[in-house]
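Working notes, structure below.
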2 protein chains.
Amino acid sequence: MAQKGITLKDVAAAANVSRATAARALNSYGYVGDGTALRVLEAAEKLGYRANLVAQALRSGQLPIVGFIPGDIQNPFFARIAHDIEAELRRHRHNLLIASSEENVEQEKDLLESLRSLSIRGFILAPTSATDSQHIVQLAREGTPVVLIDRVVKEVHCDSVIVDNEGGAREAVDYLVANGHERIGLLRDESRIFTAQERFAGYQNSLESHGIALDASLVSVSRSTVEHAIEATIRLFSRGDRPTALFTVDSLMTQGALLGLRSMGLSIPQDVSLVGFDDFNLATFTDPQITVIAQPTSEIGPLAAKMLLERLAGKKLAPRHTRFPTRLIVRGSVSRLHRR
Amino acid sequence: MAQKGITLKDVAAAANVSRATAARALNSYGYVGDGTALRVLEAAEKLGYRANLVAQALRSGQLPIVGFIPGDIQNPFFARIAHDIEAELRRHRHNLLIASSEENVEQEKDLLESLRSLSIRGFILAPTSATDSQHIVQLAREGTPVVLIDRVVKEVHCDSVIVDNEGGAREAVDYLVANGHERIGLLRDESRIFTAQERFAGYQNSLESHGIALDASLVSVSRSTVEHAIEATIRLFSRGDRPTALFTVDSLMTQGALLGLRSMGLSIPQDVSLVGFDDFNLATFTDPQITVIAQPTSEIGPLAAKMLLERLAGKKLAPRHTRFPTRLIVRGSVSRLHRR
DNA sequence: GCTGATTGTGAGATCGATCTCACATATTTA
DNA sequence: TAAATATGTGAGATCGATCTCACAATCAGC
């Protein structure tokens, strides 16, 4: 009935052996007589014994749990990765504890701090700040395995899995320029975030390579939410000489742009051309469908999980850094601009 | 440097007291001299002491962790709920461990079984099967707090938070009938799932109340993924006398229907009217926007978390069942059908 | 028949926090 | 002043699994 509280002691008693012997039989190590082992196994089976992982963790210092700290679990990008990590961990009998930083460094610090006392084995982390990183440095230095995804932090020496943000952004803007656009707006999020910096660099580099001067008034910064992006879009397009094209740095921004432009009565791609960073299911449901820079989302989670599991297994190597290429998916949101 | 391994013993030694006294000072219980308490607190502060939660858990039998087992964390409905639960738990210094059942009962059982030995304090669960429930009954009987969301299971006596699936589905179909539709297709998922059953009942009841005979050939069953829903849609509409309207039981099905209909060159709402269960961000980005039955997604997570926390705090009450009403949001995907 | 390895088993320590109990002093109360 | 109560502290047990060590047996070799 009350299955609670069946301990090794109970099993040992039922099999008429000591706890030590029962442990040996169950974990098959050391010397145990054949008959004895059988008795123990049978007793364990009959009683429905399951080892108390907390007690094991107290001894070993490690719970079979890995922490995942994304910016926001509601972001489909992170949700997909969370799912993939979990599936991979499950195969190795580990569990996944998810806690969103909500893009707040302080919250990220608090989370790490509080999870540390839980004896979590390792972390997969999308750091909120590219600069405020002492807490991560500290964590890694203590020997806790950490894998950074989506974003890296300069001084931290650990494995990382990111994408070619600069190259992807450059390709997006190159494509707009190739279609005759020169007044290209940018919707970006706060510079604190690593990907924002890299994607902005790509934007700059593309313009520069085409001899187009950077016009700061075409760059709109906002928090990465649909609501903020709507406002930022409206700000950007409420002027006489509005941009002819827009590049958005993530999928939430792209959604905001879509809604902002629609509310202003501007249509895509007739009035404004649009390219977004990060592919998302919505992009193929709009009319026209949205041209995007796609990330290999499905590869990030499994790779990060594998890297972490290798570290947990004790593999000692120099930090490995994987940077996946991005891919331009041309759909219908960019039109060829004919010079006036 | 190595912050690892600062235990109560270290603090006690630094403050020149016994472990017992140090514990009393830190957790403020029992008698402790003022000066002594101060010394302990200072020592703890200086050493950067953090209690080992695993050790605490071994004694108390409970880790400050709650398990969330959704059907699929990638489903925005569950992702939103996960986020809300986590935020609420954080306020009570609890963490959230997320493991998707992937709508697989066996996996759900395995997860529960393996998490049990982790001394998880309680569970928030969206059971995959409405009938195969012994594992949940067992869990609840052992005294582990459980809150069911989105779906309930008959014999299980525990708190639950669900929505009025039958009423919502009925309202959707009523609305289609009111617009002149009688050949109304249904895209539903496997009957094992509770919500599928209730929504199907709503569909049936609405038709019946309008004197429309149920035509089994208008009901298409598929797994709840976009891909499967596309196929099911194509199957349903590849016939001479195809339905004039379609009701889809969840947002993934709705997406599948959208893509399926598009691939067949059928346009909404001219050729087919559409109402979907569950509102989702994509619904307002399509042209026309999709008419849906909205669930109060933002209320489910916080309420479920609160219920669970009350149980964890020891509240003993009869199981509470909350059923939120749904709301029809009329957008542009339904057209008035003029009788031929 | 005796030393030395091989095999099998249990007593007890350990991980870290907490709690019970016993034993001091200190302070009231009768 | 004696008895009763309040206050402060430490030794040791406990939670459950695992590991070290000591101690038996059993078996081999000489």
Side-chain angles (χ1 to χ4, degrees), chain A residues 2-41 43-44 47-65 93 114-121, chain B residues 2-41 43-44 47-65 93 114-121:
Chain A
Q3 197 175 344
K4 271 268 169 66
I6 290 178
T7 73
L8 186 64
K9 206 167 144 189
D10 302 324
V11 174
N16 245 308
V17 295
S18 70
R19 281 147 47 243
T21 301
R24 274 188 287 257
L26 288 168
N27 302 315
S28 37
Y29 69 91
Y31 293 109
V32 199
D34 290 351
T36 316
L38 201 64
R39 263 189 359 260
V40 172
L41 259 24
L47 295 174
Y49 169 75
R50 304 216 84 221
N52 181 328
L53 295 180
V54 171
Q56 290 183 331
L58 177 58
R59 271 215 119 231
S60 69
Q62 305 193 307
L63 226 33
I65 296 181
R93 321 207 121 275
S114 88
L115 290 179
R116 194 207 302 266
S117 39
L118 251 182
S119 309
I120 296 260
R121 293 200 66 185
Chain B
Q3 196 176 343
K4 272 272 170 63
I6 290 177
T7 73
L8 186 64
K9 205 167 145 190
D10 303 324
V11 175
N16 244 309
V17 294
S18 70
R19 280 147 49 245
T21 301
R24 275 188 286 259
L26 288 168
N27 301 315
S28 37
Y29 70 91
Y31 293 110
V32 198
D34 290 351
T36 315
L38 201 65
R39 268 198 345 268
V40 172
L41 260 25
L47 295 175
Y49 169 75
R50 304 216 86 222
N52 180 328
L53 295 180
V54 172
Q56 290 183 331
L58 178 59
R59 273 214 115 231
S60 68
Q62 306 191 307
L63 226 33
I65 296 182
R93 323 206 119 275
S114 87
L115 290 180
R116 193 206 304 265
S117 39
L118 251 183
S119 308
I120 297 257
R121 291 201 65 186

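Just so it is clear: chains get the letters A, B, ... in the order the sequence lines come, proteins before strands, and each one is counted from 1.
Nearest approach of B:L47 to B:A14, heavy atoms of both residues: CD1-CB, 4.1 Å. Heavy-atom minimum distance, A:A57 versus B:V54: CB-CG1, 3.8 Å. Shortest non-hydrogen contact noted between A:Y49 and A:I6 is CD1-O, 3.4 Å.
Contacts with DNA chain C (heavy atom under 4.0 Å) in residues 54-62 of chain A: A:L58, A:R59, listed by number.
Boundaries of the chain A contact region on DNA chain D are D:dG16 to D:dC19, first to last in 5' to 3' order (nucleotide atom under 4.0 Å from a heavy atom).
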With the criterion being N/O to N/O and under 3.5 Å, what pairs connect the protein with nucleotides 6-9 of chain C, and how long is each?
| unit_1 | atom_1 | unit_2 | atom_2 | d |
| --- | --- | --- | --- | --- |
| C:dT7 | OP2 | A:Y31 | OH | 3.3 |
| C:dT9 | OP1 | A:T36 | OG1 | 2.6 |
| C:dT9 | OP2 | A:G33 | N | 2.7 |
| C:dT9 | OP2 | A:T36 | OG1 | 3.3 |

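For the pair A:A22 and A:R19, nearest-nucleotide mapping onto DNA chain C gives the more 5' position to A:A22.
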Would B:L26 and B:L8 count as a side-chain contact (heavy atoms from CB on, under 4.5 Å) here? Give the steps.
CA-CA 9 Å; B:L26 288 168; B:L8 186 64; 3.6 Å; yes
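Residue pairs satisfying the side chain to side chain donor-acceptor pair (under 3.5 Å) criterion with at least one member in residues 26-41 of chain B, sequence neighbours excluded, are absent. Applying the side chain to side chain donor-acceptor pair (under 3.5 Å) rule to pairs touching residues 11-20 of chain A yields A:S18-A:T21, sequence neighbours excluded.
Within the 4.0 angstrom heavy-atom criterion, only backbone atoms of the sugar-phosphate kind lie near B:A51; the bases stay farther away.
With a 4.5 Å cut-off on side-chain heavy atoms, A:V17 and A:V32 do not count as touching.
For the atom pair CG of B:L53 and OG of A:S119, the computed distance is 7.5 Å after rounding to the nearest 0.5 Å. Separating the CZ atom in B:R121 from the CD1 atom in B:I65 is a distance of 11.0 Å, to the nearest 0.5 Å.
Residues passing the side chain to side chain contact (heavy atoms under 4.5 Å, CB included) test with B:A13: none are found, sequence neighbours excluded.
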